[in-house]
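Taking it in order: structure first as structure tokens, then the write-up.
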Protein chains: 2
Amino acid sequence: MKVTDHIQIRDDSRIPKYQQIVDGIIENIASGKLKIDDKIPSINALSEHFLLSRDTVEKAYNILKDRKVITSVKGKGFYITRTKLISKVNVLFLVNKLSSYKMRIYNSFVARLGGNSHTDLHVYHCDESLFLNLLTKNLLAYDYYVIMPHFKTTALQHISSTDEVLRVLRKIPESKLIIMDNDLQKLPGNYAEVYQDFKGDIYTALTQGLEKIKNYRRIIMAYPAQSVYPYPRRILHGFRQFCVENSLPFEVIDEIYDDTVMHDGDLFITIEESDLVSLVKQVRDKGMVLGEDIGIISYNDTPLKDLLGITVISTDFDQMGRTAAELILDKRTASVKNPFRLIERESL
Amino acid sequence: MKVTDHIQIRDDSRIPKYQQIVDGIIENIASGKLKIDDKIPSINALSEHFLLSRDTVEKAYNILKDRKVITSVKGKGFYITRTKLISKVNVLFLVNKLSSYKMRIYNSFVARLGGNSHTDLHVYHCDESLFLNLLTKNLLAYDYYVIMPHFKTTALQHISSTDEVLRVLRKIPESKLIIMDNDLQKLPGNYAEVYQDFKGDIYTALTQGLEKIKNYRRIIMAYPAQSVYPYPRRILHGFRQFCVENSLPFEVIDEIYDDTVMHDGDLFITIEESDLVSLVKQVRDKGMVLGEDIGIISYNDTPLKDLLGITVISTDFDQMGRTAAELILDKRTASVKNPFRLIERESL
DNA sequence: CTCCCTATCCTGTACTGTCCAGTCCCGCAA
DNA sequence: TTGCGGGACTGGACAGTACAGGATAGGGAG
């Protein structure tokens, strides 16, 4: 195996070739493929291997020498002298939509990452083409890419464009990619991720509250399937699995309207805040008592739900942002499941 | 086949030649002949091929560069950077911080503006230098700039850098600028704005509820002065004016702690949600009754505050976003005060 | 020692974008 | 009429990229 085989450089016509070489060496250092005192390919070797002019490689090596990343020994070669690379960290934070939960993740992420960083937030509204556009346009501009992949899932698109998404995601160096919230089983590689196990989470959390849930006659989940911003269907799957395994009668509805029929002993699981609001209003209007006549479990916690005594099943959004920031700070590529739990309050 | 063969431009003597080149490139992008990251002919090549002056081509390319359709790399050439959004209305939405209220403004703005638009959201964390950086970097790239100007107001900065901010804001063509939330009296010109009159709003809203407020012995405002993200001091001014004019005893505190003393007949006005939460918890712990022993008026409405029966004084965030979008759609440059009102519920 | 590799420094060439000082021409307003 | 400004063109200076060479000096293995 030749030394040149170690070095990987990406071709991008927009960027000067010498700069690509510089970036390539830096990346190989950052990823650990090149360590301190390692010898890097000679000017001749590299120029021949990549079919470049000797002058181009020389220019690149001179820049690295000026930056004290490598030193030269006449007649021998170039050697790595520094592996710690100091610069402000730039992060692209790509979310599908802007909810108050996403916002909390972003805010805790920025706070944890600290001052020596800058995070650009972009929203792609679950639109694949916008997602692809944003990503390809910024493919080399950032040090890290924190991405929450959620897309509209019409049957056709799901097949055709997910591949396109994966193709672009693969262009991001593994060490720079952090997948958040939604895990992409189809994306291979050793990248970092902080995910919710939507199906397993809801199953486990509901199982925690099984004893109380059993007291209800029927469980109704308000799952907004028609929404422009769809929630992962795995929430439904986990809910169904829980109900079936415990032989609990259940139902799934799109939305809670003012005239949605409800009976004593109904337990509602709401995902959208608007459903929670109209549900609580209705319960009050009908003179029913929360946690006795009607049960509510709401998805995603907020301080005001605490005040209202609404039982929630929720992931820890602040934690999710912090974990992502820490993966970057520690340069780890672990796959971390974000904590999810049932918080029992009066409404159950 | 030469690169120049790809490019087609129509000749029309009525239209400036440089504009024809611009249109030609755009058309070639729209028709798919030019894709992202493609290299377009050099200035020399194009000018020779179409028998044009180098200067004319240069001018055209500069326009495309300003519109971020292409980027230049010295010594290399011009490259396509944008393919999807050139026909859409591009908006830069610049907010000081990301709160759930800002988010609602953004979401209603995007929704009202509709599909033929793209809105980039950027957060500058109340940091002037970041604000200036973001704005100067994107000074020509967008069709509209929606900006919420709120900065940290240390005495010194307030003098020196506000001028800098105004200087950059003046560089934005008046027809492309929409100032939101905070009105900038110091910025001259005929631009659009949707503002809150922080001082007058709170004064008027509290006056609406004067009869009930009079029943309380003391009014305490929790105004987070120490926060990294300061609220406009005009809120305080309006509050003070109301209290003084109506001879009501009042007090201003930074934050509501677990051990903040409260007596029967105290009316609290909270701005931050965290203060509201700890206040309500304390009232409950002490066995007091909201709206009788202790009054609460909270700043900024949310659906869950409605459920909790918290009286609020609030602007209409969704309306604010909609208004801004409509100003753009109608190409108006009006100065619109966003509605603000007292919503009475049980807590007062 | 020789031979082959190494870095280093040099001159040239042919492109590229960037910037500036001029010069016309033409339409429009004072 | 005069003056102004924008469009188009001319020509050049300058700097950056990438290539092709060559000349020199040092290191290491035979």
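The sequence lines fix the lettering, A, B, ..., with proteins before strands; numbering per chain opens at 1.
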Review point. Does a side-chain N or O from A/Lys76 land closer than 4.0 Å to OP1 or OP2 of D/dG28, or not?
Key: yes
Check your understanding: DNA chain D: A/Gln19 or A/Gly75, which has the more 5' nearest nucleotide?
Key -> A/Gln19
Revision key, fill the gap. To the nearest angstrom, the CD-P distance between A/Glu48 and D/dG21 comes to 12 Å
Practice item. Specify the separation, in whole Å, of atom NZ of A/Lys74 and atom P of D/dG26. Key: 6 Å
Practice item. Write down the distance between CG (A/Leu46) and P (C/dC5), rounded to a whole number of angstrom. Key: 17 Å
Check your understanding: Considering only C/dG17, D/dG7, C/dA7, which nucleotide approaches the side chain of B/Lys59 most closely?
Key -> D/dG7
**Study point:** Separation of B/Arg67 CZ from B/Ile63 CD1 (nearest 0.5 Å)
**Key:** 8.5 Å
Review point. Roughly how far, to the nearest 0.5 Å, is OG of B/Ser117 from CZ of B/Phe109?
Key: 7.5 Å
Study note, to complete from the structure: Per nearest nucleotide of DNA chain C, the residue lying toward the 5' end, B/Tyr61 or A/Ser72, is A/Ser72
**Study point:** Residue pair B/Asp181, B/His150: steps toward the side-chain hydrogen bond (donor to acceptor under 3.5 Å, both in side chains) verdict
**Key:** CA-CA 9 Å; B/Asp181 204 38; B/His150 290 280; 2.8 Å; yes
Point to revise | Parallel, tilted or perpendicular: rings of A/Tyr124 and A/Phe151 (30°, 60°) | key: tilted
Exercise for review: Take atom CD of B/Gln20 and atom C1' of D/dG7, then tell me their distance rounded to the nearest Å.
Suggested key: 12 Å
Point to revise | Interatomic distance where CD1 belongs to B/Ile43 and P belongs to D/dG16 [whole Å] | key: 17 Å
**Study point:** Gap separating the OG1 atom of B/Thr56 from the CG atom of B/Leu51, nearest 0.5 angstrom
**Key:** 12.0 Å
Listed pairs, N/O of protein and of nucleotides 9-12 of chain D, under 3.5 Å:
residue: D/dC9; atom: OP1; partner: B/Lys17; partner atom: NZ; Å: 2.8
residue: D/dC9; atom: OP2; partner: B/Ser53; partner atom: N; Å: 3.4
residue: D/dC9; atom: OP2; partner: B/Thr56; partner atom: OG1; Å: 2.7
residue: D/dC9; atom: N4; partner: B/Asp55; partner atom: OD2; Å: 3.3
residue: D/dG12; atom: O6; partner: B/Arg54; partner atom: NH2; Å: 2.2

Review point. What integer distance in Å separates A/Ile40:CD1 from C/dT6:C1'?
Key: 13 Å
Practice item. Would you classify A/Tyr18 as touching base, sugar-phosphate or nothing, given that sugar-phosphate means primed atoms plus P, OP1 and OP2, and contacts are heavy atoms under 4.0 Å? Key: sugar-phosphate
Exercise for review: Specify the residue among A/Lys65 and B/Val73 whose closest nucleotide of DNA chain C lies further upstream toward the 5′ end.
Suggested key: A/Lys65
Check your understanding: Below 4.0 angstrom from OP1 or OP2 of C/dT6, is there any side-chain N or O of A/Asn44?
Key -> yes
Check your understanding: NA contact type, B/Phe78, heavy-atom cut-off 4.0 Å: base, sugar-phosphate, or nothing?
Key -> sugar-phosphate
Review point. What's the spacing between B/Ile70 CD1 and B/Phe78 CZ if we round to 0.5 Å?
Key: 5.5 Å
Check your understanding: Starting at CG of A/Asn62 and ending at C1' of D/dG16, how long is that distance when rounded to a whole Å?
Key -> 16 Å
Practice item. With rounding to the nearest 0.5 Å, note down the distance linking OH in A/Tyr142 to NE2 in A/His118. Key: 6.5 Å
Review point. Between A/Ser42 and C/dC5, is there a side-chain N or O to OP1/OP2 distance below 4.0 Å?
Key: no
